[in-house]
Structure formats: C-alpha cells, structure tokens
Amino acid sequence: MRAKHIFLSAMASTVFLACGENGKSTTNETAAVSDTIQETNGPITIPEEQVTTTQYETETVVPDLQIGWGMTFLPDGSILITEKSGELIHFKNGNKQQVQGAPQVYVRGQGGFLDVALHPDYQNNGWIYFTYSSSEGEGEGGNTALMRAKLENNQLTNKEVLYKAGPNTTRGQHFGSRIEFDQEGKLYFSIGDRGNRDENPQDITRDGGKVYRLNPDGSIPADNPFVGQQNAKEAVYSYGHRNPQGMIFNSETNEIWVHEHGPQGGDEINVVQKGANFGWPVVTFGENYDGTPITDQTSGPDFTDPIYYWLPSIAPSGFVFVTSDKYPELKGDLLAGSLKFQYLEHLSLDGKKVTAREKLLEGIGRVRDVVQAPDGFIYVSVEGKGIVKLLPKQ
C-alpha cells in the first residue's frame, strides 16, 4: 500500500476505450504521466512509443473457432476448448468433437462459457473445472458459476456446481472469469463487478468484483480472510476488482497474479493478496467512457496498488508466466493477449516490475486466451480464427 497521489489531468487526453473502438496514443503526455508515477515509486506504465515489435511465425492447430474463450491440455496432448456460445470442444488427433453434458450457459453480452482448467492431480482424480454464466438462482438474468466435472466417453459426468454468484442480473458485462491453482492446490477464480461498480466491488457481503479462493471440492478454506465475518462472502480472497480476465500462478514468487480490464484507460496487473482491496472504483487510472472523471484518486492508504497499468487500455485477456525453455527470450516474463489492438503482448519482468513491452503477432486478431502447454509450447486462441502455436525463434 502506498501514499495517495492525485490523478493527473494530463491523463484525460491519453486514455482510450478498452473494448477496441479507438486508436493508439503516442503523446508526450503519456510519457509525462509515466515518469511522474515512477518518481513517486507507485505503479508504472510504459507508453506506447516505447513498445517494440517482434514478429513470430505461427502454426494453426485448431481451425474455425468463433470465440475459443478458454483452453486446457489433457495429458494425452488433446485440448478441451470452451466456445463462448456454450459448446465444449474436445480436439484430439486433428478432429473436433462436441462434448455432451456441458453446463447450461446464459449467453448475454460478455457472458457465456468461460474458462476451463484441470485439477493439479488430474491424472489421479480426473477433475476438470469450468466457469460460465448461469441463470440458476435468484432473479432474472445470470451470474458467474464454477463447476467441476469429469470427462468420460466424450460426456461430462459427476457434475457439481461449487459456487454460483448472485443475485442474477440482465446486465451483460463483467462476468470475469479465469481459474488458477496455487502451490498448495487451492483454487482461485475471478468474477467481474457485473456492471454494478458502485456496490459490488467494495462490499464483501456481495458477489462481484472479487477474486475467490476455495478448496478443490468447493469448501471454504478456514484461513480465508473473511471467514466468520457477519454476512461476508467467505469465499472472497481479495476485492475491489473490476473485471479480471487473466490469472496466473507465478512460480517464481509463489503468488496468484491477475490482469483486469480498466474502464477507459487503466487496465491493471495486480498481485493477489489475502484480504487486499484493489480500490475499484474509488481509485483508478481510468475514466468514464464519456470522458468524465470517475475519481481524482489513483491510490490510497487503504488500497493495494497494481504493479503495472496500461494507458491506453489494451483490453487484456489470457495471461501466461513463461517457464518454457523453448522460448529463452520470453522465459521468466509475462504474455497477455490484447483484444483491442489484436496482438500478443510480451512484458519483460525484473522481479515484480515490468521493464519493457513488446508486441508479438501484431495484427493476428482479437487474442482471447494464451496458455503454455505441458509440451512447453505457447498456444494462442484468436477470435474468429482458432488456436495457433507460437513457433520458437530459429
């Protein structure tokens, strides 16, 4: 947590829509803001004019997907893919099969079939985890749910809903939602603020705008930060989030990291901490989509700062901490997809500090997910295309 500093008025001319309508900024004002933030020892941003470009070759692995929102690799090398529209696809031996028994998905706006992840001990227990928007529960509309199931003969069996956020709402934005496990086998997943920014993110008695932590069976760990607090959502681990659509376990620091969409400006990378409040919408580097301010504060003594923020927003989705020896130039760094600018971004790391940005696969399309597979290769899901493999430099 760091001392409060004031949101600079110069930033207003340099922020752009996270959803991809507007172009890039290369103004001096952005660099001035970045320099000021670095001088105050707060979170940093690297301006667009300092971003380099390196082109990689790719190989198409899974063609003809609409919005392959999430993917995970099974031990035999096959891939489970969630199509946002509600289909679960098993890609094996060059063929796509639709898995039967997928959860009933409430498709609206940004909601649909979202992430998929394997239990760390999948080889022995067979559990697969999914997040999706669901209409089950109280109220009209939907909200994010977490399910686990097993895959048997191209059918999901043993299905268990482990968490269902409420109440439902017909709003179409900010469902989250990524899934990750830590070194102790605890399960983390994210739910966005569901478009209710003034109530959900700062209230631990309400779902939305949170990162949650569960045991793999859906029970609540006894050491979660809000266990025993009156009316608290005891699954909540951190709060004050807007819409995290990237989550990793950083094996170097043994921490869960997320990136999340800002409003107009101010996408963030946050290191998830027990009970931490990341401030949305009381503090932010972004502004309203009509150009009016949300707040004049970017930090405060009650809030945990991001380690990095993007300005302008890139609309990040998918997140990887690279550990593979196949890409020595990327090892130990981060990769994040850009929906808005349609490239894969490489962020160089020095500990917890982002030191450089690089565009990979510029112009490839809206990057929805990126994973490092067990074979060490990086795979990228591109909306309207499919899944491609990032080929190592020769």
Side-chain angles (χ1 to χ4, degrees), residues 16-22 65-70 82-88 102-116 130-147 161 163-179 189-203 206-212 239-247 258-268 280-281 284 286-290 294 313-318 337-340 342 366-369 381 383-384:
F16 292 85
L17 287 176
C19 54
E21 285 84 357
N22 291 353
L65 297 174
Q66 292 306 305
I67 302 179
W69 211 97
T82 58
E83 274 275 21
K84 179 177 174 291
S85 58
E87 295 180 337
L88 179 62
Q104 187 69 37
V105 172
Y106 173 76
V107 180
R108 183 181 180 90
Q110 297 169 5
F113 206 175
L114 304 174
D115 208 15
V116 54
F130 305 95
T131 50
Y132 58 100
S133 49
S134 167
S135 60
E136 292 185 5
E138 178 186 351
E140 183 182 357
N143 214 323
T144 305
L146 172 75
M147 171 187 283
V161 176
Y163 197 91
K164 169 61 175 60
N168 290 334
T169 171
T170 57
R171 291 180 176 178
Q173 62 264 58
H174 304 173
F175 292 83
S177 169
R178 295 293 177 182
I179 307 168
F189 66 102
S190 60
I191 301 177
D193 68 12
R194 294 297 284 109
N196 189 1
R197 76 179 192 191
D198 295 326
E199 293 184 285
N200 290 344
Q202 291 296 315
D203 187 346
R206 300 175 64 93
D207 282 311
K210 314 291 193 303
V211 170
Y212 299 76
Y239 63 111
H241 297 278
R242 185 172 183 268
N243 192 29
Q245 290 190 342
M247 183 180 289
V258 297
H259 67 49
E260 52 189 292
H261 293 262
Q264 180 162 272
D267 302 338
E268 297 178 353
W280 172 253
T284 177
E287 63 182 12
N288 289 309
Y289 290 112
D290 63 4
I294 297 169
S313 297
I314 68 165
S317 187
S338 170
L339 293 166
K340 177 181 177 183
Q342 304 190 15
R366 286 169 57 88
V367 175
R368 175 53 69 179
D369 198 15
S381 177
E383 293 189 2

Which residue, R194, Q110, R197, forms the side chain to side chain contact (heavy atoms under 4.5 Å, CB included) with N243?
->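 Of the listed options, the one satisfying the test is Q110.
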Sequence-distant partners of F113, ring-ring contact (aromatic ring centres under 6.0 Å, His included), two or more places apart =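 Residues passing ring-ring contact (aromatic ring centres under 6.0 Å, His included) with F113: F130.
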Among Q173, R242, Q245, which one satisfies side chain to side chain donor-acceptor pair (under 3.5 Å) with H261?
->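 So the option named by the test is Q245.
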Out of H174, R206, H241, which residue meets the side chain to side chain donor-acceptor pair (under 3.5 Å) rule with N200?
->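 Of the listed options, the one satisfying the test is R206.
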Taking all atoms of both residues into account, what is the closest heavy-atom pair of [X] and [Y], and its distance?
X: T131; Y: L146; result: CG2-CD1, 3.8 Å
X: F175; Y: R108; result: CE1-O, 3.7 Å
X: Q264; Y: S313; result: C-OG, 4.4 Å
X: E83; Y: I67; result: OE1-N, 2.8 Å
X: P244; Y: G192; result: CD-CA, 4.3 Å
X: N196; Y: P201; result: O-CD, 3.5 Å

Mind checking what makes salt bridge (Lys or Arg N to Asp or Glu O under 4.0 Å) contact with E383, not counting sequence neighbours?
->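 Here the qualifying residues are R366, R368.
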Can you sort out the partners of R178 under salt bridge (Lys or Arg N to Asp or Glu O under 4.0 Å), two or more places apart, ordered by chain and number?
->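 Scan of R178 (salt bridge (Lys or Arg N to Asp or Glu O under 4.0 Å), adjacent residues dropped) gives D115, D369.
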To the nearest 0.5 Å, what is the distance between OG (S134) and CD (Q104)?
->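 Spacing of OG (S134) from CD (Q104) equals 8.5 Å.
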Is any side-chain heavy atom of S190 closer than 4.5 Å to a side-chain heavy atom of M247?
->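 The answer is yes, as the side chains (C-beta and beyond) meet within the 4.5 Å cut-off.
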Does some side-chain heavy atom of H259 sit less than 4.5 Å from a side-chain heavy atom of D267?
->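 Not touching, per the 4.5 Å side-chain cut-off.
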Using a distance-only test with no angle check, is there a side-chain donor-acceptor pair under 3.5 angstrom linking Y106 and N168?
->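 Not at all, the side chains of Y106 and N168 share no donor-acceptor pair under 3.5 Å.
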